[in-house]
Amino acid sequence: MDSGERKYKNKEITVYWKPSSCIHASACTNELPEVFNPDERPWVKMEGSNTSKIIDVVDKCPVDALTWKWNDESKNKEVGSEHSNHIKNRRKALLEKDNLDPKQDTAIDIMDDGPFVVNGGFLLERENGSRSKFSGTVSLCRCGASKLKPFCDGSHRSINFKSK
Amino acid sequence: MEGKKNIPVITIIKDGPLKVSGDFTLLKENRFPLESGSEVWLCRCGKSSRKPFCDGSHKK
């Protein structure tokens with residue numbers, strides 16, 4: 001993260017702090033000073049209270065300075081709009097960036113009506129058993145029409161490939 | 001650093017699917033993890049009725 005952004009975790013949730021957004025409305029420091037105390041470092045102490053209280057207070061932040069997510073990613077799917085400051089509702093980009101540690105994880109993105117987009121390192125093993133190493137972003141055909149198989153050449157558009 | 005994670009291997013099965021093994025995360029279009037890997041078979045013929053996974057339709 002850049003620009004002084006921080007994240008704080010307990011066993012269940014991660015709280016994100018984005019200082020550039022803070023308007024000092026003080027909802028957090030007034031309601032839960034055991035956790036949010038700007039006079040201390042770190043100023044967020046997750047052990048100061050329980051998860052449900054922290055969520056309540058983070059949801060009261062009027063901007064996206066404080067946001068949160070469940071560490072158990074499957075639970076993030078269930079979160080609705082009542083949790084105004086869940087990252088899904090405030091900072092959707094964090095869902096993309098932060099679920100994955102780019103140094104550790106290789107992600108295969110399944111594009112609607114398009115290819116598999118592999119982000120991160122992997123070995124590609126060809127039909128003849130030879131292996132080559134890839135890193136960065138590589139798109140692999142899943143429509144069956146590419147002339148550059150196994151790679152995507154954009155043919156899914158010309159055949160109007162529908163993945164659903 | 002090295003060795004903690006198994007680099008994923010994507011194997012191209014001749015006239016068949018992609019076999020993915022190792023440590024990886026499969027993400028649906030909404031970017032939620034669909035599956036975190038050990039091994040999956042991904043359709044690359046476009047015909048599977050259980051996309052993104054292979055259901056053997058390429059043989060038909």
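Below, read A as the first sequence line, B as the second, and so on, with proteins coming before strands; counting in each chain starts at 1.
- Only the backbone of K162(A) comes within contact range of chain B, judged by heavy atoms closer than 4.5 Å.
- In terms of heavy-atom pairs under 4.5 Å with chain B, the best-connected choice from G129(A), P150(A), G114(A), S146(A) is P150(A).
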Check against side chain to side chain contact (heavy atoms under 4.5 Å, CB included), Y8(A) and Y16(A): CA-CA 6 Å; Y8(A) 305 94; Y16(A) 296 91; over 6 Å; no
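- T67(A) and N85(A) form no side-chain donor-acceptor contact under 3.5 Å, judged by distance and modelled atom types alone.
- Of residues 46-60 of chain B, those residues with a non-hydrogen atom less than 4.5 Å from any non-hydrogen atom of chain A are, in numerical order, G46(B), K51(B), P52(B).
- E34(A) and S49(A) form no side-chain donor-acceptor contact under 3.5 Å, judged by distance and modelled atom types alone.
- For the options I10(B), L18(B), L42(B), heavy-atom pairs under 4.5 Å to chain A are most numerous at I10(B).
- Ranked by non-hydrogen atom pairs under 4.5 Å with chain B, the options E125(A), R131(A), K149(A) are led by E125(A).
- Residue L140(A) touches chain B through its side chain alone, counting heavy-atom pairs closer than 4.5 Å.
- Salt-bridge annotation for K69(A) and E73(A): present, with a side-chain N of the basic residue lying under 4.0 Å from a carboxylate O of the acidic one.
- In K53(A), the NZ atom is not crowded: 12 or fewer heavy atoms of neighbouring residues, nucleotides or ligands sit closer than 6.0 Å.
- Of the atoms belonging to V117(A), not a single heavy atom falls under 4.5 Å from chain B.
- For H83(A) and N89(A), the side-chain atoms include no donor-acceptor pair closer than 3.5 Å.
- From K77(A), atom NZ reaches atom CG of D72(A) across 9.5 Å, with rounding to the nearest 0.5 Å.
- Here ring pair (Phe, Tyr, Trp, His ring centres under 6.0 Å) pairs that include residues 140-164 of chain A, with residues two or more places apart or in two chains, are F134(A)-F151(A).
- Closest heavy-atom contact between P8(B) and G121(A): CD-O, 3.5 Å.
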